[in-house]
Amino acid sequence: MQKEMAKSYDPLEVEDRIYDFWIKGNYFHAEIDKNKKPYTIVMPPPNITGQLHMGHALDETFQDILIRFRRMQGYCALWLPGTDHAAIATEAKIVESMRKEGISKEDLGREKFLERAWEWKRVYGGRIVDQLKKLGSSCDWQRERFTMDEGCNKAVNEVFVRLYEKGLIYRGERIINWCPHCCTSISDAEVDFAEHDGHFWHLRYPLSDGSGFVSLATTRPETLLGDTAVAVHPDDERYKDLVGKTVILPLVNREIPIVADTYVEPEFGTGVVKITPAHDPNDFEVGLRHNLPIINVMDDNAIMNENAGKYKGLSRFEARKIIVKDLEDGGYLEKVEDIKHNVGSCYRCKTVVEPKISKQWFVKMKPLAEPAIDVVKTDKTKFVPERFDKIYFNWMNNIKDWCISRQLWWGHQIPAWHCADCGEITVSRTNPDSCAHCGSKNIKRDEDTLDTWFSSALWPFSTLGWPDKTPELDYFFPTNTLVTGYDIIFFWVARMIFSSVEQMGQTPFDTVFIHGILRDENGVKMSKSLGNGIDPLEIISEYGADALRFFLVTGNSPGNDMRFSSKRVESTRNFCNKIWNASRFVHMNIDDHDVKIELPKTLTTEDKWIVHTLNDVIKEVTENLDKFELGVAAAKLYDFMWDCYCDWYIELAKSRLMSEGESAQNARQVLVYVLDQTLRLLHPFMPFITEEIWQTLPHENEAEALLLAKFPEYKEENSYPDAANEMESVMEAIRAIRNRRAEMNVPPSKKAKVYIATNVKQIFENGKSFICKLGFASEVIVGDSFQIDGAVTIVTADAKMYIPMEELVDKQAELTRLNKELEATKKLLAQDEGKLNNAGFVSKAPQNVIETVKEQAAREREKIALIEAAIDALK
RNA sequence: GGACGUUUAGCUCAGCUGGUAGAGCUUUCGCUUGACGUGCGAAAGGUCAGCGGUUCAAGUCCGUUAACGUCCACCA
C-alpha cells in the first residue's frame, strides 16, 4: 500500500472501514484449537433497553484490551457477547409505551404482550450491539447470546428443577419487598436505602383495663390499622406488669395483646413497639414467635384496602396524613418529632418499597453460599483489586434466602405447575401434561417469572451450551476474567459464583477484575435523571474511538472511580495524531527502499538505545497487563512512543536517514522495526489506528491483520545496558545545553561552539553529531580540560561543557545561576555524605544502594569543583 | 453501628514488592529545527492531609486523627 498518508489522522474515515475488514476476515471468531490455550471472557450482557453509556465504554474497553492482548499472545481468545432481557426494566418500558397508546397489559393478555415484547427486543436489542462495535470491541459475534434465548431457557429450567429437587428452591409465604409501582416482588439486593426526612409520631395506646396507656412511637402511623400487638422487652422492669395485658388500638378499637420479645430495644424510644406483622419484616418475625394474626391493610398498589375501614381507597401516604389528624383529634398523639431515617425504594423505579406478605419462590442460600465463599478464600477466584473480596465475603456470610419469583410476564416463566385437584406442585424441565402426584390433567403453570439475575447467574456456562455437554463448554469453561464494576458484585458476580460452583462444580472464572465508575467532569455520578451523562458515541465521532479508549484506560487504576475530562480526551486524540505522523515519517523514509521489518546486523549506539528501551517497555507492558494494571501499561507506551521514539530516536536518526548507503538502510530498518513493535504493543489499547498503519507496513506474511500478529516479547539479546547509558549521557548533555540556551533566550538559529571536558571522551566523540544537531552547536570539541574565558559553563554527570558566547553572557546573571546550582549540588552532597557517615546505613543498606550513593557523592564533589572553577573564571 | 476507599504540582490523576517525587492540562518563555503547531525546545510549580511509630532509609509499612466519598446493616 503506497498511498499518501494524510497530514492528520482522521478516525471517522478509518474506523468503520477497519471494523468491516476485521469482520470480513472473521478474525474475532474463536474456534476451538487444542493446540492453543483458551482465554475466555464472557461479556456482562448489557440490557436490551439500554443505550451505550460511558459505563459500558469503560467496561468494554478493558475487556477488549485483555482479549486482544491474549489473542496476540497466541491464546485462543474468546470474548462472548450478549444481551440481557432485563425483566423489570424492559417490561416497564413496554408497559409505558402501551400506556401512551391507552392500553394495559391486562387488555392485551399475556401472549400478545409477549409478542410485543419480543418485537421490542428485535428492534432495540440490536441497537446496543451496534454501538458496542463503534468502540472496536472484538467480540465473537457468531456466538452472541441473549439471556432469554432457547439455550438460556433450557439452562434456567434445568437449574430450577435441580435446585427444587435438592430442596434448595421452595415456595412459601414470606414477607418480601414489594414494589407497588412495578407490581412485583423484588429481592433484597434490589432495594436501595436512602436517608429521608421523616417524622416520629409518638402515640398513646390506652390499656383495655382503663388503667392508663402505653406510649410508643412510629414513622408509619398508617400501618397502625394492621397492628396486632404491642411489644416490650421481657427484662424491661418498667413494663413487666403490662405483659399479658391488652391495649385498645386507637381509631380501630381492636383489643391487642402486649407481648414480651427480645427484639425490642429498651433503650430506644419508650421501649414499646407497635407490631404490624403484615407491613414490617421485623414485626413479621415477632408475629411468628407470638402467633399473632396478620392483617394486611393495603393492596398490590399500596392503596388502603377493606381492612383499612374508612381509609379504604386512599394511598398509604394520603392515609398517613388523615390518620395522624384523626389520632390528634382523638387525643392519641403525644408529640411529633422530626427525624431522618432510611427508606427503601425500588432500584428501578424509585418507588418506596412496601414490605408485603406474599407467596413467592425462594432459593435457600446458606448451602450455596458456603462453597462459594470457599472458592474465593482458596483463591480459585481472585478479586482484583483484592479488597473487593471483603465485600463479597460480607455479603455471602450474611446472605438471606433469595426471592426469585417476579409478578412479571417478560422473563423465564417458572417451570412449575399447580394441580387444581391435589394442590401439589409439579416441577419439570419440559411441559408436563399431568400432575406428577395425582395424575390429574387439571394443572396450570405458575404465572410468575424468574428474577432476571437468575438467568444471568448462569451466563458463564449457559452461553457455552450447558446443560448439554458441548465441546465449547469443555474447552472454554471455566472462563478466565470477568470484568465489571463494583456496583454489580452482589447482583451478578456473587450469583454467578455460587451458581457455577453448584452446577458445574467449579468456579466460573479465575479473576474478577473490578473497575470503578466513570463520573462527569465535576465528579458527579452520571445519571439519566441528572442528565449529566456523556454519550460515548458523540465522543467517538468527535475524537475517535481510540482516543476515547486510551483516555478511559490511562490514569485509571483498578477499582477506583474516574472523572471524564474532555481536555484529556483531546490529549489522547493528539497522541493518535502523533502516532499517525510518526508513521507518516517512517513511510517517507522507507517507501522508496526495499526495507524489511527486522533489525540490521550492526547497530549504532542510538539504535541500541532505542532497542534496549523498547525491550524494557515490552517487559513492563506485559507485566502490567498480566496484573491488570492497564493504566500503567498504557502510560509506559505513551511515554515510549512520544518521548523515546518520536522526540529522540527519530531526531537522532534523521541525519543518517538523509545519507546514503548501509548506515541509512540500517536506520530505516530500526525505524520501521521499532514502529512495528510499538504498534503491536499499542494495538490492544488503540486497535483502529494501529491496524490502519500496520497494514501499510511491509509486514511480509506473518498475519493478515495486526490483531492476529504476535505480541512482542522481551528478549535478552535486545538488551544493551551499556550503550543505553552512553546514549543517556549524550542526551543529558543535549538537554543541559538546550536548557541553558533557552534560559538565555538564544534562538536555535544562533549556533555556538561547544567544548566538552570529560573523562569518557569516546562517548562524546560518538555523540558529536547529535550534540551539533540537537544542541545547536556549530562545532563540538571534546578534550580532557579547557580553559575558556567568558563562556557559559554547563555541568552534567559526565561532562563539563563550555559555550563561548561572550556577547550573550550577562556575567552577573551567570554568577547567580552558578551559585544557585552550586548550592543545590552541595545540598545533595550533604545528603549523600550524611548517609555514608551513618554507621547504620553503611552496615545495613544493601551493597548496590551504598555503591550508588558513593557514585553520586563522587559526581557531586566533582561537579562542585567544576562549578567553583567556573565561578572563579568569571570573577 | 460495621467495612472500605480517597487525601500527592493551580486542575485531573499516576506512583508495583520502602532507596533523592511523575504525567496530562493550565501558566510563562523561545521556535517556519525537512512527520506532526492536534507540533518542537525549555521553565515555573509539591514539608506527598495532620500526628505518632517501625526502619540505616517512609508518598510507599504500622497505629491514630480529620475531611470527603462508597458499600453493608438498620432501632420501631
NA contact type, [X], heavy-atom cut-off 4.0 Å: base, sugar-phosphate, or nothing?
X: A:Cys576; answer: nothing
X: A:Glu570; answer: nothing
X: A:Phe388; answer: nothing
X: A:Asp647; answer: sugar-phosphate
X: A:Arg220; answer: nothing
X: A:Ser557; answer: sugar-phosphate
X: A:Ile650; answer: base
X: A:Thr852; answer: nothing
X: A:Met658; answer: base
X: A:Glu860; answer: base
X: A:Lys627; answer: base
X: A:Lys525; answer: nothing
X: A:Lys654; answer: base
X: A:Tyr638; answer: sugar-phosphate

Closest contact, heavy atoms only, A:Lys578 versus A:Cys646: CE-CB, 3.6 Å
NZ/NE/NH1/NH2 to OD/OE distance under 4.0 Å, A:Asp261 and A:Arg289: yes
Test: A:Lys826 and A:Glu821 ion pair at under 4.0 Å: no
Whether A:Phe550 and A:Phe685 hold their rings parallel, tilted or perpendicular, with breakpoints at 30° and 60°: perpendicular
Aromatic plane relationship, A:Tyr649 with A:Tyr645 - under 30° parallel, 30 to 60° tilted, over 60° perpendicular: parallel
side-chain hydrogen bond (donor to acceptor under 3.5 Å, both in side chains) partner of A:Thr223, chosen from A:Arg320, A:His279, A:Arg316, A:Lys274: A:Lys274
Between [N] and [M], how far apart are the two [atom1] atoms, rounded to whole Å?
N: B:rG2; M: B:rU47; atom1: P; result: 36 Å
N: B:rU6; M: B:rC62; atom1: P; result: 12 Å
N: B:rC13; M: B:rA9; atom1: P; result: 12 Å
N: B:rA49; M: B:rC71; atom1: P; result: 25 Å
N: B:rG52; M: B:rG69; atom1: P; result: 28 Å
N: B:rA42; M: B:rC48; atom1: C1'; result: 26 Å
N: B:rC11; M: B:rA3; atom1: C1'; result: 32 Å

Can you give me the N/O atom pairs linking the protein to nucleotides 4-10 of chain B at distances under 3.5 Å, or say none if there are none?
none

Short side-chain N/O contact from A:Arg741 to OP1 or OP2 of B:rG30, under 4.0 Å: no
B:rG24 OP1/OP2 closer than 4.0 Å to side-chain N/O of A:Arg568: no
Ring-face cation of A:Arg495 near A:Trp402 (centre distance under 6.0 Å, axis angle within 45°): yes
cation_pi(A:Lys654, A:Phe585) dist<6.0 Å, angle<=45: yes
Watson-Crick or G-U stems of RNA chain B, 3 or more pairs, under 3.5 Å, by first number: B:1-7 with B:66-72, B:10-13 with B:22-25, B:27-31 with B:39-43, B:49-53 with B:61-65
Closest-nucleotide ordering on RNA chain B, the 5'-leading residue of A:Trp642 and A:Ala582: A:Ala582
Most 5' of A:Ser655 and A:Ser571 on RNA chain B, judged by nearest nucleotide: A:Ser571
Nearest-Å distance for atom pair NZ/P, residues A:Lys567 and B:rU38: 12 Å
Between [N] and [X], counting only base atoms on the nucleotide and side-chain atoms on the residue, is there a donor-acceptor pair under 3.5 Å?
X: A:Asn342; N: B:rC74; value: yes
X: A:Arg573; N: B:rU38; value: yes
X: A:Lys578; N: B:rC36; value: yes

Close side-chain approach of A:Leu292 to A:Pro257, heavy-atom, < 4.5 Å: yes
Nucleic acid contacts of residues 823-833 of chain A, taken as heavy-atom distances under 4.0 Å to RNA chain B: A:Leu828, A:Gln831, A:Asp832
